[in-house]
Protein chains: 2
Amino acid sequence: MTTHMDMDNPLDLFEGLEDQDKAAILKSGHTVHCRPGQPLFNQGDPAKRCFMVIRGRLKLSKLHEQGKEAIIRYIGPDETTAALAVFKGRRYPVTARAVGDTLVVAWDKATMDHLIANHPALARNLLHMTLERLEDIQTRYLELRTEMVEQRIARALLRIMQHAGRRTDDGILINLPLSRQDLADYSGTTLYTVSRTLSAWEKRGWVRSGRERIVVADPHALVLFSEKG
Amino acid sequence: MTTHMDMDNPLDLFEGLEDQDKAAILKSGHTVHCRPGQPLFNQGDPAKRCFMVIRGRLKLSKLHEQGKEAIIRYIGPDETTAALAVFKGRRYPVTARAVGDTLVVAWDKATMDHLIANHPALARNLLHMTLERLEDIQTRYLELRTEMVEQRIARALLRIMQHAGRRTDDGILINLPLSRQDLADYSGTTLYTVSRTLSAWEKRGWVRSGRERIVVADPHALVLFSEKG
DNA sequence: AATCCTGCTTGCGCCAGCGCAAAGACACAC
DNA sequence: GTGTGTCTTTGCGCTGGCGCAAGCAGGATT
């Protein structure tokens, strides 16, 4: 009987639903297992199913012709993706790949339609989650237009840190394999510039980094830098 | 009794509703009149009301510190804005200004909550409209990252043309006052670059332009250019 | 017709950051 | 331990496009 209707900002698909409903909804989907790097769905494919991550993480990216790629966002445990695309019966607007070993639940359109009809809170929560993402991408759109590249890298790193950071003795570890190329695709620059920037930050003691691994040693300095340049 | 339930892509808040419901919903709001350039709401203000344009046009833009501005989209007749922000009781993430003389209907949060509870189709339509906008801004985000500036100006002009174009003898007239600065804010560049680019296109016979006024003489050429550079 | 205001054009110099190239570092397999 | 492939670093040269400055254009006001 535990509900969370008092929360203002459900980031959760199941906010405001009874535990038993939640369990039933989860059971009505199929679980899918993805190995690291494996695509769950590809941009342009018909959106047959939507997903919720149980364990692991998905990387949503959008491809441009000639191989340029923008990372739209990461999807972690309890977060959903493609909900709207499948709801509307469209094509996936992005590609989703597993980052590390990932377990997801999948629902097809018919099931989703049925679930939404029976649980009005689901539609409400989808609206809320979508608003969140719309505002996020609009903000990043503005930043991409306005800010210098090092500032954008700082913001990207902080966003990923908030989403997938883990406290350690050295600082906050980005708890997913994150290459220089990934960070470049997330912040709108190139592999080379990210590498040079991280080197500079390492000299200042703000971060410590290795192969696909970054530890933010001084988050405060990074926040200041991301705000004022 | 005219319904449009057969349409797959409602861009309309009232898709799937009876005319009488539509009329009642419209009557439950307040009409607001905006003079050219007047702000309807400002980024950061508490989102008390949401809006639908009856006549005229709104410009949604997002401001960065030190005055840089990105135009997120234009909102024309029958289109809505701030629906999600008010639904969630947040602050407006953008600023809306009237372009030309504009008439809108406004609903406050209580009314919206009531309407959505009584008309499930409204929530569905909001989801669909929001998906549309999310995909649009994601696409533009990728383009901003990937494409050369002239290509982006071409895309921006074509998008505005599709939204607010009017056939004339000379070509397709952009039927709203559109300055070089506006086009720059929409395409992610500067006033100067837009001006230079339009001059070049004018020499090639693709457009004819004057003060806050653009006619696309050769849309096909512009489409080709926007796709291949 | 003169003035003003706002928007538009264009020459010019400058620089942030891109991307090649080449070398180094690390992870894993055999 | 040795190899192989991927990821990272860094020097270097180049350029797209930004933004100042100065002047032009055209609509509105007096």
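Just so it is clear: chains get the letters A, B, ... in the order the sequence lines come, proteins before strands, and each one is counted from 1.
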Participant: Once you round it to whole Å, what is the distance between C1' of C/dT9 and CZ of B/Arg213?
Facilitator: 17 Å
Participant: Of all the heavy-atom pairs spanning A/Thr80 and A/Ile75, show the shortest one and how long it is.
Facilitator: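 Taking every non-hydrogen atom into account, O-CD1, 3.7 Å.
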Participant: Quick one: B/Ile214 CD1 to C/dG7 P, roughly how many Å, whole number?
Facilitator: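 Going from B/Ile214 (CD1) to C/dG7 (P), I get 14 Å.
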Participant: Once you round it to whole Å, what is the distance between P of D/dT15 and CD of B/Glu150?
Facilitator: 17 Å
Participant: Among D/dG26, D/dG16, D/dC7, which is the nearest nucleotide to the side chain of A/Arg211?
Facilitator: D/dC7
Participant: In this structure, how many angstroms lie between the P atom of C/dC26 and the CD atom of A/Glu212, rounded?
Facilitator: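 The distance from CD of A/Glu212 to P of C/dC26 comes to 14 Å, rounded to the nearest Å.
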Participant: Pull out every residue in residues 179-197 of chain B that has a heavy atom closer than 4.0 Å to any atom of DNA chain C, ordered by number, or say none.
Facilitator: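 Per residue number, the list reads B/Ser179, B/Arg180, B/Tyr192, B/Ser195, B/Arg196.
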Participant: Are the side chain of A/Arg155 and the backbone of A/Ser226 linked by a donor-acceptor contact shorter than 3.5 Å?
Facilitator: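 Side chain of A/Arg155 to backbone of A/Ser226, a donor-acceptor pair under 3.5 Å: yes, one is there.
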Participant: How long is the straight-line distance from NZ of A/Lys109 back to CZ of A/Arg49, given to the nearest 0.5 Å?
Facilitator: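 One finds 15.0 Å between CZ of A/Arg49 and NZ of A/Lys109.
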Participant: Rounded off to whole Å, could you give me the CD-to-P distance for the A/Glu202 and C/dA25 pair?
Facilitator: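 Going from A/Glu202 (CD) to C/dA25 (P), I get 14 Å.
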Participant: Side chains of A/Asp101 and A/His33: is there a donor and an acceptor less than 3.5 Å apart?
Facilitator: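 Present: a donor and an acceptor within the cut-off.
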Participant: Rounded to the nearest angstrom, tell me the gap between atom CG in B/Leu178 and atom P in C/dG7.
Facilitator: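 Going from CG in B/Leu178 over to P in C/dG7 covers 13 Å.
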Participant: For the residue pair A/Asp182 and A/Ser179, confirm or rule out a side-chain donor-acceptor distance under 3.5 Å.
Facilitator: yes
Participant: Contact between A/Pro93 and A/Lys62 at the side-chain level, heavy atoms closer than 4.5 Å - yes or no?
Facilitator: yes
Participant: Just how far, in rounded Å, is C1' of C/dT9 from CH2 of B/Trp201?
Facilitator: 16 Å
Participant: If you measure from the Lys or Arg side-chain nitrogens to the Asp or Glu carboxylate oxygens, is any gap between B/Glu132 and B/Arg73 under 4.0 Å?
Facilitator: no
Participant: Once you build an axis from the first five pairs and another from the last five of the helix from C/dA1-D/dT30 to C/dC30-D/dG1, how far apart in angle are they, to 10 degrees?
Facilitator: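 If I round to tens, the end axes sit 40° apart.
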Participant: On a heavy-atom basis, which atom in B/Ile172 and which in B/Gly165 lie closest, and how many Å separate them?
Facilitator: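 In terms of heavy atoms, the two residues are closest at CG2-CA, 3.8 Å.
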Participant: Run the ring pair (Phe, Tyr, Trp, His ring centres under 6.0 Å) test against A/Phe41 and tell me which residues pass, sequence neighbours left out.
Facilitator: A/Phe51, A/Tyr92
Participant: Round to the nearest Å and state the distance from B/Glu147 atom CD to D/dG16 atom C1'.
Facilitator: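 Distance, rounded to whole Å: 15 Å.
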